[in-house]
2 protein chains.
Amino acid sequence: MLPKPTDAELEILQVLWENGPSSVRFVNDQLAERREVGYTTTLKLMQIMHEKGLVVRNTDARSHIYEAAIERDATQRNLLGTFVDNVFSGSAIDLVMQALGNHKASPDELNQIKALIEKMEREE
Amino acid sequence: MLPKPTDAELEILQVLWENGPSSVRFVNDQLAERREVGYTTTLKLMQIMHEKGLVVRNTDARSHIYEAAIERDATQRNLLGTFVDNVFSGSAIDLVMQALGNHKASPDELNQIKALIEKMEREE
DNA sequence: ATTTTTCTACGATTATTTTCGTAGAAAAAT
DNA sequence: ATTTTTCTACGAAAATAATCGTAGAAAAAT
């Protein structure tokens, strides 16, 4: 089973998920827009992620192209699970209430959630 | 500003939140029910938490009594915020949808959420 | 009164994650 | 043709988190 990505690795995965296969240079540029980060740091992390199997890469060209090897949804689900356990003692409902209460959602977003809830009720 | 609790510290806080002011022994016993953990490890962690200001303690008796110095709600909100940023690129709605979709909620829980949503809609 | 248990203090070790620095090859620029 | 830039590889350091071990005082048990 693949290891969970660390925080720094997750940052990199976000870039790959949003932009598709990318070079280290590109990923580093994206990260650098948000915070200071050295090129070799990003490189090293991506190499480690490759060892772990979190990314795959194409080494045909000199500049290697990396691609996420795990799905965004599955990863979020996975991390969410342990987060709920650690922080909300396993109560997903508590988390949902917190998240909702603490966030000004647009009417459209609220409708989305209502739709999902009604779907769940029908499937009961 | 107080630092965020680490995972191990959070485990201890959960015990304190649920049981009120407690000795190291009691906390350690609670933790030990779920996993292997040495007494001095728990002690050391609680001492560090005291240094950080995450807990307060009463040292009148030989066995010191520790109490959470930060509120559960505020802490959950705080941690949830960075989690949403890290894992869901800041989209709380995405997180809510994931959490809901991935969890078989009881009709009662669904009603709770619906009530909250309707309240939010009225306050729009 | 002595032994055993329980407690704190705290340095040191281990594990994990992140960052940095250097070397050398390939490519690009002058 | 040389210099400069860009890339990988990779060891090593720094930062952070968690665990452990020992010493000594206080309390409890014998």
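Per chain, numbering begins at 1; letters A, B, ... match sequence-line order.
- A 4.0 Å heavy-atom criterion places the boundary nucleotides of DNA chain D facing chain B at D/dA17 to D/dA27, written 5' to 3'.
- There is no side-chain donor-acceptor pair under 3.5 Å between A/Arg57 and A/Gln47.
- Using modelled atom types, one side-chain atom of A/Trp17 and one backbone atom of A/Ile70 make a donor-acceptor pair closer than 3.5 Å.
- With A/Ser91 contributing its side chain and A/Phe88 its backbone, the two residues share no donor-acceptor pair below 3.5 Å.
- Counting any heavy atom pair closer than 4.0 Å across all strands shown, B/Thr40 reaches a base atom.
- Between A/Phe83 and B/Leu80 there is a side-chain heavy-atom pair separated by less than 4.5 Å.
- Ion pairing between A/Arg35 and A/Glu11 holds under the 4.0 Å rule for side-chain N and carboxylate O.
- Listed in residue order, the members of residues 41-67 of chain B having a heavy atom less than 4.0 Å from DNA chain D are B/Thr41, B/Lys44, B/Arg62.
- For the pair B/Arg72 and B/Glu18, the salt-bridge criterion is met [side-chain N within less than 4.0 Å of a carboxylate O].
- A salt bridge does not link A/Lys4 with A/Glu9: none of the charged nitrogens is closer than 4.0 Å to a carboxylate oxygen.
- Note on B/Lys114 versus A/Glu118: no salt bridge recorded, every NZ/NE/NH1/NH2 to OD/OE distance being 4.0 Å or above.
- In DNA chain C, the stems built from three or more successive Watson-Crick or G-U pairs (distances below 3.5 Å) are C:1-30 with D:1-30.
- Between the A/Ser106 side chain and the A/Glu109 main chain, a donor and an acceptor come within less than 3.5 Å of each other.
- Heavy atoms from other residues, nucleotides or ligands lying under 6.0 Å from CD of A/Glu71 number 12 at most.
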